Amino acid sequence: AGMTFQTPQVSVVTITPQDLPVQREYTGQTKGSREVEIRARVGGIIEQRLYEEGTQVAAGAVLFQLDPKSYEAQLAAAEAILARMVAQRNQAEREWNRIKPLVADKVVSRKALDDAQSAFELAEADVKAAAAAVREARLQLDYTHITAPIAGVVGLAEKVEGAVVKASEERLTTLTVTDPMDVYFSVSENELLAQQTEAADGSLQTPEDNALQVKVRLADGRVLERSGHINFNDARIDPATGTLNMRTRLANSDGLLKSGQFVRVLVSGAVRPNAITVPQKAVLEGPQGKFVFVVDKGKDGAPIANVRPVEVGEWDGQGEARSW
């Protein structure tokens, strides 16, 4: 008896080239668009913490008060020296003015007049030096008020009341600007080179000025509606990781993004012109690589399936592969 073969039933999909949007995904980490370490400009003892930890403060708000007594004493001493210098300058000026008419009447010598003028000018210079010392002492006193240089959220106080701090050495707290929020991510050197090659041969088109749209996906899978653009490309590949660092900036007025958070960065806006998409299950693996079956006409005009090798691009995550 002859054997009969059952023709397998298959689905056929008609493929048409189309412009296909490209979305790439990277691991990123958020960081406040500005992070400032708050340090004391002068040494002293912390008398008071004047802010609520974790709250937003305005630029110029006093965060810590150092004990000002020794700086007040230094200012008072500098002001006393200034007062004495002013008195001496006034005395030298009076002396000079007394001698001027006497020289005209030839009662005193020209040298006496020159000496009186020099004494006045030296006294005037002493006044300026003393006034500068007063300004410096007043500045040192002002620095006992440790203020916020910019508006932002102030973190935990790392020094408490009664602690002794040295000028510029110890960090008292950190001030973070969380709106807008920066997101840093990196692209591998190989992927960067592939993108440049594809852009050069026309298989990948990027928008004018490379203005790609960037969104973030949180750890729970939510993709935030807010979007931004890449506003920083490093000029060099990081030799330790072989990647290029990039940054985007996102609005964060609701405080949903926290500094230091890990997110998935979704970069879209590039397009593959005239790309061909096929269902993922239609792409098979053979000894020579990936292939698909293409419907052709046989010798007798009946449809037959021929093997067509393909080069496969990215999976789009929706069950389709891309090839061109």
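Note that the coordinates shown come from a computational prediction; the quantities given were computed from them, not determined experimentally. Reckoned from all heavy atoms, side chains included, excluding hydrogens, waters and symmetry mates.
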Leu218-Phe185 co-clustered via ILVMFWY side chain contacts under 4.5 Å: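 Yes; Phe185 is reachable from Leu218 via cluster members.
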Partner set under side-chain contact (heavy atoms from CB on, under 4.5 Å) for Arg39, not counting sequence neighbours: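 If we apply the side-chain contact (heavy atoms from CB on, under 4.5 Å) test to Arg39, skipping adjacent residues, the hits are Glu37, Arg171.
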Is any NZ, NE, NH1 or NH2 atom of the basic residue among Asp220 and Arg222 found under 4.0 Å from an Asp or Glu carboxylate oxygen of the other? yes
Any Lys/Arg nitrogen of Arg249 or Asp182 sitting under 4.0 Å from an Asp/Glu carboxylate oxygen of the other?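 Between Asp182 and Arg249 there is a salt bridge, with a charged N closer than 4.0 Å to a carboxylate O.
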Please confirm whether Tyr184 and Phe232 have ring centers closer than 6.0 angstrom.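 When the ring centroids of Tyr184 and Phe232 are compared, they turn out to be at least 6.0 Å apart.
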Any donor-acceptor pair under 3.5 Å linking the side-chain atoms of [Y] with those of [X]?
X      : Y      : result
Ser168 : Arg41  : no
Asn252 : Arg226 : yes
His229 : Gln213 : no

Is the number of heavy atoms from other residues, nucleotides or ligands under 6.0 Å of Lys128 NZ greater than 12? no
For [Y], does its backbone N or O pair with a side-chain atom of [X] as donor and acceptor, under 3.5 Å?
X      : Y      : answer
Tyr71  : Leu139 : no
Glu191 : Ser188 : no
Ser33  : Pro180 : yes
Glu53  : Ala157 : yes

So which of Arg84, Arg138, Gln74 actually passes side chain to side chain donor-acceptor pair (under 3.5 Å) with Glu79?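 Considering Arg84, Arg138, Gln74, a side chain to side chain donor-acceptor pair (under 3.5 Å) with Glu79 is found only for Arg138.
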After noting the C-alpha distance and the side-chain angles of Thr241 and Thr243, does the key distance pass the side-chain hydrogen bond (donor to acceptor under 3.5 Å, both in side chains) rule? CA-CA 5 Å; Thr241 59; Thr243 59; 2.7 Å; yes
